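In what follows, every chain begins at residue 1, and chains take the letters A, B, ... in the order their sequences are listed. Remember, predicted model here, so these are calculated numbers, not experimental data.
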Amino acid sequence: MQEERTEPLMDQQWSTATLRVLSSMPSRTIGRSRGAIISNYYNRTMQLRRRRQSRPSIRDFAPSSRPSIRGYGGVETDAGVDDERKWRQLVINLQNLPVSDRVQMLRCMPLSVDEKREIRYITSPYLSPFCFFFFILPNGYGGMVDYWLSLLSFLQLWQIALKKVSGRFGTGVLSYFVFLKTLLLFNFFLSIVTGFFLVLPQAIYPALSYALKFQGLELLTGGGYFTSTVMYYGYYTNSTLKKDCIWQQAISQHSNQTACHSLYYNMPLAYFFTIGFAFFITGIILVYTMSKSFGQSFRIDKSQGVLAMKVFASWDFKVSKKSSIKMQCENISTQIKELLSELALQQNTMGLLQKFGKSCVHLLAWTMCVGSTLACVLAVFYFSDYIRARVNDTANPLVKEAGLLALPVVVSTINLLLPGFFNAVAWMEEYNSPSTSNYVSIFRNLMLKVSVLGVLCYHWLGRIAHDPTSLGLQCWESFVGQELYRFLLMDFIFTMLDTFFGEFLWRLFSQKALKRKRKPVFDIARHVLELIYGQTLAWLGVLFIPVLPIVQIIKLLCMFYMKKASLMMNCQAPRKPWRACQMTTIFITLLCFPSFLGASVFVTYTMWTIKPSESCGPFRGLNSMFQSGKRWVEELEKGNPNLGWLVWAHTYLVENPFFLFVGAVIYFHTQVLDGQRKIISLLQEQIKNEGEDKKFLITKLQFIHEQKRPLSSHRIRGASEVKPEDSGTASLLLKKMTSSLPSLIFTPWTSWH
Amino acid sequence: MGNKQTIFTDEQLDAYQDCTFFTRKEILRLHGRYHELAPHLVPMDYTNDPDVKVPLALIVNMPELKENPFRNRIVESFSEDGLGNLSFNDFVDMFSVLSEMAPRELKAIYAFKIYDFNVDNFICKEDLEKTLNKLTKEELTPEEVNLVCEKAIEESDLDGDNKLSFADFENMISRAPDFLSSLHLQHLSDTLIQNDLQSVVTGTVPPWSNSGLNVYLRDTMVVSRT
């Protein structure tokens with residue numbers, strides 16, 4: 001519809017006067033001339049000053065919804081005088097702002113550093129050295145503080161390595177490593193909480209238990225020697241840890257003091273609340289990260305302007321290596337050619353038969369994927385049962401331990417082979433855009449992992465926890481913990497093997513035997529999903545193995561160096577376009593929703609409904625783990641009836657974990673709204689610019705019409721070059737602008753605040 | 001105190017810190033890089049703000065810029081004379097705007113300048129053609145280039161004058177969430193970070209040689225002597 005109106009305008013040859021009018025419109029001078037920048041920032045500082053005041057004055061609100069001509073000056077007369085005045089006013093405004101705002105304004109101004117320094121010098125003069133006597137934090141100390149802060153930034157992990165990776169492979173591959181770093185931070189937090197509150201107290205007061213000899217196989221199976229250490233749930237005592245009073249009584253023999261000042265540490269309570277607290281805080285941090293990322297990548301109207309965006313926004317300036325730049329150029333030209341062919345295709349409508357053929361192929365591919373997933377899930381289901389029975393029967397303890405490794409090996413093999421199968425199936429399919437194929441492959445991979453983990457959770461909770469004696473177990477929690485440890489370890493071993501065979505040997509093979517120049521591609525989506533899978537296992541297992549986050553940290557550290565080395569040696573950057581910002585948001589969402597949510601549902605279910613073992617762990621003898629917390633609250637109430645509200649809160653909030661999830665959803669929505677608000681303010685500014693243009697044109701028109709009047713007193717100096725077509729073009733432009741403005745401009749301004 | 005050399009006064013470092021997105025340490029490091037480009041031209045002592053400009057040919061040899069197809073335009077957009085000769089202020093400005101801390105509006109303004117080859121404050125079809133050829137290393141046929149330019153202008157031109165003003169450009173860029181992260185020039189070379197770390201750890205270069213503490217003591221000692 002817009003094309004009909006712009007065509008007549010585009011056909012005309014613009015006169016010089018028209019071009020002058022066009023180029024001096026306010027929206028076009030932004031970022032161009034110094035005067036325009038200064039006046040723009042003058043307006044901004046004015047707005048900021050008004051906002052900082054407690055009550056905005058009434059004249060700041062426009063009485064009507066349309067931008068008014070009132071208060072708008074005449075036609076620009078002398079640009080120089082105006083500039084100087086605006087500059088002085090800008091300086092005054094800056095002086096009246098608080099320091100942090102002033103610095104932020106100064107940094108964001110698009111002026112040269114020379115000018116900024118000049119403005120800064122006038123607005124905040126340097127304190128003379130003699131003032132050091134009277135100020136607590138002289139500038140001299142600023143240097144030292146800066147030094148320590150910069151040292152901290154050196155300790156920032158892997159800064160150099162990440163710069164090397166992004167310099168060679170671009171932002172897409174960098175996002176994988178940044179994601180790994182994020183997971184490392186989560187595990188670090190988890191390990192500090194569990195280590196400090198659970199492992200340390202129990203390690204200081206060791207519980208009595210039988211000690212087994214350390215054999216090498218324990219590192220793989222997690223059983224044997226490790227079962228009688230702080231590693232597993234079963235080791236933790238269900239009593240209150242207290243310091244021995246005997247020694248103190250001996251010292252205070254002479255005094256009549258019989259009271260024992262000792263530390264009490266209620267282990268069951270500590271265990272319950274630590275795990276709950278760790279999950280709660282992790283959930284909050286995750287939701288916060290996810291919603292912030294969501295807000296940043298929120299964009300409207302993604303379908304239009306694809307080609308222009310490809311030209312202007314696709315070049316990754318981080319890449320500095322020659323071969324990578326060459327590759328980037330090739331990628332971009334391929335993508336542009338694909339876009340052009342797509343555009344050409346859209347113009348030819350596809351025949352019905354072609355469409356039908358395409359959907360048949362899609363259907364077939366989906367059937368194959370879903371079918372294979374289902375087959376694997378059933379295989380895991382029956383195999384786990386079979387293994388359980390077989391392991392129970394054998395008498396040899398070594399074979400027993402090794403037999404327990406069978407299930408993790410099978411699951412890891414499935415996780416390794418099936419995504420490759422999905423990729424092969426996807427080759428025969430045709431998608432509208434490369435991002436659709438990305439999403440489809442991620443979804444299939446995710447479906448596989450979620451179903452396998454679901455079956456395993458059923459196996460652990462539904463079979464083993466329900467009937468631990470069938471396996472001859474006295475402590476099913478420790479057993480489940482061991483299983484999770486084995487799964488984590490096998491995942492790591494298989495990743496190592498995959499890196500070695502899939503990347504290193506494949507590169508050698510393809511270069512020497514097949515004589516191809518192309519190296520294997522680093523599949524970002526698959527690797528990130530593997531990371532998410534590993535993290536889910538870690539979260540599932542924290543309840544049963546408090547030291548599992550530490551194991552996960554070691555695993556992630558090894559993976560970083562291994563993947564980086566393999567990447568540098570063997571891989572090349574992905575050829576398909578990778579929208580890093582969007583993909584990062586998707587991955588963090590996947591980390592939060594299926595992964596963390598699933599783990600917390602698993603842990604909540606275990607804590608609330610399943611009966612703990614009678615003979616081991618901090619919750620022995622109770623009906624459920626949750627009961628320890630409930631009992632404590634009841635005891636509190638008995639001791640102090642004023643704390644009844646705590647019991648009430650506990651009953652309604654903690655006993656019904658549903659409320660926590662609702663709270664999380666609400667928090668997520670507020671963060672997303674925050675992101676949307678930023679987009680709205682950007683749009684608002686664009687509309688404001690259009691309004692300014694309109695004002696300018698109307699004033700110009702008015703000026704021209706007044707010029708045409710015969711009365712000489714209305715003549716203004718300097719208005720000699722008024723051509724009749726000027727007013728015609730100006731009014732045409734105005735008409736065009738009025739018709740093309742979005743309808744948003746007519747909503748009341750106050751509704752945005 | 002026995003400090004080796006003072007590169008900037010404390011006031012200058014504060015000013016740089018307030019006007020750019022860098023800390024003092026990073027400014028000093030950038031000065032080191034600037035000095036490396038033309039050691040005979042750039043003095044070590046910047047306390048009296050010498051008027052020194054490093055020519056374009058030396059700046060585009062920096063490892064971060066050497067292979068970038070837009071290197072000439074980047075440097076020219078930040079120079080006062082438009083020919084690419086950067087003073088230290090312009091040099092710092094360049095890295096500050098293209099760092100990860102700079103906001104979107106600022107980056108959009110300079111990106112517009114970079115893509116505006118004929119410096120007429122509009123991105124016309126010729127500018128687009130040059131951009132496209134630099135992006136694809138002239139792998140597209142002239143018909144394809146023509147088609148892409150026409151389509152791109154059609155998609156983003158809002159006021160119908162067949163070229164992109166800054167408002168059109170910013171509107172189009174606001175739809176690309178990756179723009180902010182892709183317009184990012186990493187400014188520190190690995191060897192320099194490692195050298196810095198080494199010198200700080202072994203104590204060969206006092207890290208606070210340029211802090212105000214030394215300047216203050218020097219100044220007061222001078223005052224007390226007189």
Undergrad: Run the ring pair (Phe, Tyr, Trp, His ring centres under 6.0 Å) test against B:Phe117 and tell me which residues pass, sequence neighbours left out.
TA: none
Undergrad: Around B:Asp51, counting heavy atoms of other residues, nucleotides and ligands shown, do more than 12 lie under 6.0 Å from its CG?
TA: no
Undergrad: Does the separation of the ring centres of B:Tyr110 and B:Phe78 fall below 6.0 angstrom?
TA: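 Yes - the distance between ring centres of B:Tyr110 and B:Phe78 falls below the 6.0 Å cut-off.
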Undergrad: Examine whether an atom of B:Ala15 lies under 4.5 Å from a heavy atom of chain A, and if so say whether it belongs to the side chain, the backbone or both; otherwise answer neither.
TA: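 Contact with chain A: backbone and side chain both.
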Undergrad: What are the two closest heavy atoms between B:Asp90 and B:Asn85, and how far apart are they?
TA: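 Smallest interatomic distance, heavy atoms only, reads OD2-O, 4.3 Å.
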Undergrad: What residue in A:Val319, A:Ile325, A:Leu106 has the most heavy-atom pairs under 4.5 Å with chain B?
TA: A:Ile325
Undergrad: Pick one of side chain, backbone, both or neither for A:Met109, based on which atoms fall under 4.5 Å of a heavy atom in chain B.
TA: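 Just the backbone, heavy atoms under 4.5 Å.
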Undergrad: I'd like to know which of A:Asp114, A:Thr171, A:Ile336 tops the heavy-atom pair count under 4.5 Å against chain B.
TA: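 Most heavy-atom pairs under 4.5 Å with chain B: A:Asp114.
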Undergrad: Any cation-pi pair here, B:Arg24 with B:Tyr16, using under 6.0 Å and within 45°?
TA: no
Undergrad: Picking from B:Asp93, B:Thr136, B:Asp18, B:Leu106, which has the most non-hydrogen pairs under 4.5 angstrom with chain A?
TA: B:Asp18
Undergrad: Given a strict heavy-atom distance threshold of 4.5 Å, which part of B:Leu65 is in contact with chain A: side chain, backbone, both, or neither?
TA: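 For B:Leu65, no heavy atom lies under 4.5 Å from chain A.
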Undergrad: Indicate the atoms forming the closest heavy-atom contact of B:Asn146 with B:Lys125, along with that distance.
TA: OD1-NZ, 2.6 Å
Undergrad: Below 4.5 Å, heavy-atom pairs only: which of A:Arg102, A:Gln104, A:Lys318 has the largest tally toward chain B?
TA: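 Most heavy-atom pairs within the cutoff with chain B belong to A:Lys318.
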Undergrad: Between A:Ile119 and chain B, with a heavy-atom cut-off of 4.5 Å, which part of the residue counts as in contact: side chain, backbone, both or neither?
TA: neither
Undergrad: With sequence neighbours excluded, tell me which residues meet ring pair (Phe, Tyr, Trp, His ring centres under 6.0 Å) with B:Tyr46.
TA: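 Ring pair (Phe, Tyr, Trp, His ring centres under 6.0 Å) check on B:Tyr46 returns B:Phe8, B:His31, B:Phe88.
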Undergrad: Examine whether an atom of B:Ile153 lies under 4.5 Å from a heavy atom of chain A, and if so say whether it belongs to the side chain, the backbone or both; otherwise answer neither.
TA: neither
Undergrad: Counting heavy-atom pairs under 4.5 Å to chain B, which of A:Arg107, A:Lys337, A:Lys321, A:Lys116 comes out on top?
TA: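 Winner by heavy-atom pair count: A:Arg107.
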Undergrad: Between B:Val92, B:Leu147, B:Asn68, B:Leu180, which residue shows the highest count of heavy-atom pairs closer than 4.5 Å to chain A?
TA: B:Asn68
Undergrad: For A:Thr585 and A:Gln582, which I'm curious about, is there any donor-acceptor pair between the side chains at under 3.5 Å?
TA: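 Per modelled atom types, A:Thr585 and A:Gln582 side chains form no pair under 3.5 Å.
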Undergrad: So what's closer than 4.5 Å to chain A heavy atoms on B:Phe169: side chain, backbone, both or neither?
TA: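 When you check distances to chain A, only side chain atoms of B:Phe169 fall under 4.5 Å.
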Undergrad: Output the option from B:Leu164, B:Ile114, B:Ile123, B:Thr20 having the highest count of non-hydrogen pairs under 4.5 Å with chain A.
TA: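 If we count pairs closer than 4.5 Å to chain A, B:Thr20 comes out on top.
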Undergrad: With a 4.5 angstrom heavy-atom cut-off, is it the side chain or the backbone of B:Leu128 that approaches chain A, or both, or neither?
TA: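 The side chain, not the backbone.
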Undergrad: Quick one: do B:Asp49 and B:Gln12 satisfy side-chain hydrogen bond (donor to acceptor under 3.5 Å, both in side chains)? Show the steps, please.
TA: CA-CA 9 Å; B:Asp49 272 327; B:Gln12 283 176 316; 3.2 Å; yes
Undergrad: Give the member of A:Ala313, A:Ser333, A:Ser112, A:Ser320 that has the highest number of heavy-atom pairs under 4.5 Å with chain B.
TA: A:Ser333
Undergrad: Anything under 30° is parallel, anything over 60° is perpendicular, the rest tilted; go ahead and classify A:Trp315 against B:Phe70.
TA: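 Perpendicular: the ring planes of A:Trp315 and B:Phe70 meet at over 60°.
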